[in-house]
Visitor: 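Can you read through this structure? Questions will come right after.
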Amino acid sequence: MKVEEGAVYAEKDGEAVEFKHVDMVANAMGVRSYNPLEAELADCDCEVVVVGDANRTKNGYRNMREGYDAGNRI
């Protein structure tokens, strides 16, 4: 997967897929706190909201709720 300004490039069933006119990307994976992306985005001119296990480990429902709430704040 690759994310660029306004577009996301991914793969589905072995085929390349491009999503254009993208305003927001949410990425959720893992079960331990791991968050190197926040430091990489520190200089971007955007709000970075760390949710889910990247913020701190907890159960799946709370992770989904944090993501949902963060998305609604935008």
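Computed from a predicted model, the values in this text were never measured in an experiment.
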Visitor: Who passes side chain to side chain contact (heavy atoms under 4.5 Å, CB included) against V8, sequence neighbours left out?
Guide: M1, V3, F19, V22, V25
Visitor: Could you list the donor-acceptor pairs under 3.5 angstrom formed by side chains in residues 65-74, with sequence neighbours left out?
Guide:
unit_1	atom_1	unit_2	atom_2	d
R65	NE	D69	OD1	3.1
R65	NE	D69	OD2	3.4
R65	NH2	D69	OD1	3.4
E66	OE1	G52	N	2.6
E66	OE2	R56	NH1	3.4
Y68	OH	N72	ND2	3.4
N72	ND2	Y68	O	3.4

Visitor: Could you work out the complete set of other residues in the hydrophobic cluster of V51, with links drawn between I, L, V, M, F, W and Y side chains under 4.5 Å apart?
Guide: V49
Visitor: Test of understanding: with salt bridge (charged side-chain N to carboxylate O under 4.0 Å, His left out), list the residues that count as partners of E4, not counting sequence neighbours.
Guide: K2
Visitor: Restricting to salt bridge (charged side-chain N to carboxylate O under 4.0 Å, His left out), what partner residues turn up for R62, sequence neighbours left out?
Guide: none
Visitor: Show me the pairs that pass salt bridge (charged side-chain N to carboxylate O under 4.0 Å, His left out) and involve residues 33-50, at least two apart or across chains.
Guide: none
